[in-house]
Amino acid sequence: MSNITFDHLIKRYTPGAAPAVNDLNLQISDGEFLVLVGPSGCGKTTALRCLAGLEDITGGRIIIGDRVVNDLPPKDRDIAMVFQSYALYPHMSVYENMAFSIRLRKLPKEEIDQRVREAARILDLERFLQRKPGELSGGQRQRVALGRAIVRSPSAFLMDEPLSNLDAKLRVQTRAEIARLHQRLETTIVYVTHDQVEAMTMGDRIAVMREGILQQVGTPQDLYQTPNNLFVGGFIGSPSMNFLTGTVSSDGGSVRLKIESLDIALAGRVAELARTRGNGSSLTIGVRPEHFDTAAPGAADTMRLPASVDVVEFLGNEDLIHTTVAGKDVVAMVPSVRGVKVGDQLELHVLASLVHAFDPQTELALTGSDGARPAPPPAVPAQAPAPAAGTD
């Protein structure tokens, strides 16, 4: 097992074009499960392919253990990659697919058999060893692809959206299997996905990327509770965080945020922050849907938003209600027992301690959930050129 370091990594596909990966600095600890996440075109797959040696880098260094691997071919980097497509040989059995790469290394037959059968046992594939890939389900084929990587006993596993071809139920099942596999093998995993739910449920840490630039790195709890900027706040969490931008108004006592024709009375740390920024300043507040309720919590540190209910989605124990607040779409997740109906006029209540605040101009967070100001991420150019094709 090994530490992995991206040291000022830059990758351009075309000279003079905007970098697909721009000055990436990231350290991944030995045995860590790190998830690279972001929308299509953010550079996460490009970074992974550079690490694997499948792409030449433009600048910087990639270090695995104590070796700079910039010029090493993939086969000499001691990593194993699991792709979005299973990439299995259809004419070979499961056993032969799993054994193929280590047979090329000329390992003893007994050792090959031991490694394949141990991986099959770990992945519950023992009864499928003589079947061909075409006789397996999608989830089983993905486990074979994982098994093919496991038998190599690499320093690190690199996984590029391995669950994207599975249906929703299988994705949930297989991501739990991968998490258990990591706990068992204790090997470094670098995992790429655009699905923030996968990232939140699987990663020890998450690295969020946007337009080739690393925005924030931290535990799932860090990113959920203290996003560095509007992008991270809106990307992490499902459903997404609601944002409302208005103008601060203070008369020395109450502090309000004027949004269109609506004045929202601010409370707690958000009010103090707005007062510090001054009358006439702009402020964006962010509230996660699950932090709203339609019943007042009975606390002084409460903010209230009058809302009109447009759509109600029944989720069983909870309702996802789509509302209009000052002409803006606001989504709230509330207990189904509240009995909210389409057309209701109601107040959404939220504790001020759960409200995030952002600067509308810089998009940087002004406070975290505990009132501490997070460290700003690297700035994203206001009008960055579109990344080159194939830069996920």
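Sequence positions, counted from 1, serve as the residue numbers for this chain.
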- Identify the residue among Ile64, Leu34, Ile189, Thr5 that makes a side-chain contact (heavy atoms from CB on, under 4.5 Å) with Ile28. Leu34
- Short question: side chain of Glu111, backbone of Pro108 - any donor-acceptor pair under 3.5 Å? no
- Of the non-hydrogen atoms in Ser164 and Glu161, which two are nearest, and what is the gap between them? OG-O, 3.1 Å
- Item | CA sep, side-chain torsions, deciding dist, call: Glu177, Arg180, salt bridge (Lys or Arg N to Asp or Glu O under 4.0 Å) | CA-CA 5 Å; Glu177 289 175 353; Arg180 282 194 291 267; 5.0 Å; no
- Item | Exercise: identify the closest heavy-atom pair between Val217 and Leu223 | C-CD1, 4.0 Å
- Query: Would Leu163 and Asp195 count as a side-chain contact (heavy atoms from CB on, under 4.5 Å) if you check the C-alpha gap in whole Å, the side-chain angles of each, and the deciding distance to 0.1 Å?
  - Reply: CA-CA 10 Å; Leu163 308 185; Asp195 185 338; over 6 Å; no
- Query: Closest approach of Ser250 and Val255, non-hydrogen atoms and distance?
  - Reply: OG-CG2, 4.0 Å
Between side-chain atoms of residues 316-333 and protein atoms elsewhere (two or more places apart, or another chain), which donor-acceptor pairs fall under 3.5 Å?
| from | atom 1 | to | atom 2 | distance (Å) |
| --- | --- | --- | --- | --- |
| Asp319 | OD1 | Ser336 | OG | 3.2 |
| His322 | NE2 | Glu313 | OE2 | 2.4 |
| Thr323 | OG1 | Val330 | O | 2.9 |
| Thr324 | OG1 | Asp310 | OD2 | 2.7 |

- Task: State whether the side chain of Gln196 and the backbone N or O of Gly237 hold a donor-acceptor pair below 3.5 Å, judged by distance alone.
- Result: yes
- Tyr13 side chain reached by Glu55 side chain, heavy atoms, under 4.5 Å: yes
- Task: Would you check, one step at a time, whether the test side-chain contact (heavy atoms from CB on, under 4.5 Å) holds for Leu348 with Asp293?
- Result: CA-CA 6 Å; Leu348 296 175; Asp293 202 349; over 6 Å; no
- Message: Taking Leu315 as the starting point, is it possible to reach Val197 by hopping between hydrophobic residues whose side chains are less than 4.5 Å apart?
- Response: no
- Task: Might you work through the side-chain contact (heavy atoms from CB on, under 4.5 Å) test for Arg277 and Asp359, ending with a clear yes or no?
- Result: CA-CA 10 Å; Arg277 289 175 68 83; Asp359 185 309; 3.5 Å; yes
- Which word best sums up how the rings of Phe33 and Tyr191 line up, parallel for under 30°, tilted for 30 to 60°, or perpendicular for over 60°? tilted
- Task: Salt-bridge test for Glu272 and Arg269: reply yes if a basic N is under 4.0 Å from a carboxylate O, no otherwise.
- Result: no
- Query: With a 4.5 Å heavy-atom cut-off, do Lys11 and Leu24 have their side chains touching?
  - Reply: no
- Item | Taking every non-hydrogen atom, the tightest pair across Gly233 and Phe243 | C-CZ, 4.1 Å
- Drop me the distance from Leu136's CG to Leu125's CG, to the nearest 0.5 angstrom. 8.0 Å
- Query: For the side chain of Asn25 and the backbone of His8, is there at least one donor-acceptor N/O pair under 3.5 Å apart?
  - Reply: yes
- Determine, using the 4.5 Å side-chain heavy-atom cutoff (strictly less than), whether Ile178 and Ile206 are members of one ILVMFWY cluster. yes
- Message: Side chains of Asp124 and Arg127, heavy atoms from C-beta outward: is any pair under 4.5 Å?
- Response: yes
- Query: What distance separates Ser29 OG from Arg205 CZ, expressed to the nearest 0.5 Å?
  - Reply: 6.0 Å
- Query: What's the verdict on side-chain hydrogen bond (donor to acceptor under 3.5 Å, both in side chains) for Asn228 and Gln215, showing C-alpha distance, side-chain angles and the deciding distance?
  - Reply: CA-CA 8 Å; Asn228 271 350; Gln215 299 293 299; over 6 Å; no
- Message: Is any side-chain heavy atom of Pro74 closer than 4.5 Å to one of Leu54?
- Response: yes
- Ignoring hydrogens and geometry, is there a side-chain-to-backbone donor-acceptor pair from Asn242 to Val287 under 3.5 Å? yes
- Quick one: does Thr193's side chain have a donor or acceptor within less than 3.5 Å of a partner on Ala199's backbone? no
- Item | Sidechain-backbone polar pair: His182 side chain, Gly31 backbone, donor-acceptor under 3.5 Å | yes
- May I ask you to decide if Gly234's main-chain N or O and Ser240's side chain share a donor-acceptor pair within less than 3.5 Å? yes
- Query: Just wondering, do Arg288 and Tyr224 contact through their side chains at under 4.5 Å, heavy atoms?
  - Reply: yes
- Determine whether Thr245 and Ile259 make a side-chain contact, defined as any pair of heavy atoms from C-beta on separated by less than 4.5 Å. no
- Would you find a donor on one side and an acceptor on the other, under 3.5 Å apart, between the side chain of Asn97 and the backbone of Tyr89? yes
- Task: Calculate, to the nearest 0.5 Å, the distance between atoms CE and CZ belonging to Met81 and Arg152 respectively.
- Result: 11.5 Å
- Looking at CG of Leu9 and CD1 of Ile63, how far apart are the two atoms once the value is rounded to the nearest 0.5 Å? 11.0 Å
- Item | Whether over 12 other heavy atoms sit under 6.0 Å from Lys258 NZ | yes
- Query: With no hydrogens and no angle check, is any side-chain donor or acceptor of Arg115 less than 3.5 Å from a backbone partner on Val151?
  - Reply: yes
- Query: Applying the 4.5 Å side-chain criterion to the ILVMFWY set and letting contacts propagate, would Leu72 and Ile4 be lumped into a single cluster?
  - Reply: yes
- Query: Is there a path of hydrophobic side-chain contacts, each under 4.5 Å between heavy atoms of I, L, V, M, F, W or Y residues, that connects Leu305 with Met241?
  - Reply: no
- Donor-acceptor under 3.5 Å (Arg131 side chain, Val94 main chain): no
- Task: Compare all side-chain heavy atoms of Leu181 with those of Phe157 and state whether any distance is below 4.5 angstrom.
- Result: no
- Message: Using side-chain heavy atoms (C-beta onward) and a distance below 4.5 Å, is Val37 in contact with Phe235?
- Response: yes
- Item | Evaluation steps, side-chain contact (heavy atoms from CB on, under 4.5 Å), between Val270 and Leu273 | CA-CA 5 Å; Val270 182; Leu273 173 64; 5.6 Å; no
- Message: Show the nearest heavy-atom pair for residues Met303 and Val355, with the distance to one decimal.
- Response: SD-CG2, 4.0 Å
- Query: In Å and rounded to the nearest 0.5 Å, what is the CD to CE distance from Glu118 to Met98?
  - Reply: 10.0 Å
- Do Val192 and Ile79 share a hydrophobic cluster (ILVMFWY, side-chain heavy atoms under 4.5 Å, transitive)? yes
- Message: Can you list everything that forms a side-chain hydrogen bond (donor to acceptor under 3.5 Å, both in side chains) with Asp344? Sequence neighbours excluded, please.
- Response: none
- Item | Heavy-atom pair of closest approach, residues Glu363 and Arg210 | OE1-NH1, 3.7 Å
- Query: How many angstroms lie between OG1 in Thr45 and CG in Leu36, if you round to the nearest 0.5 Å?
  - Reply: 8.5 Å
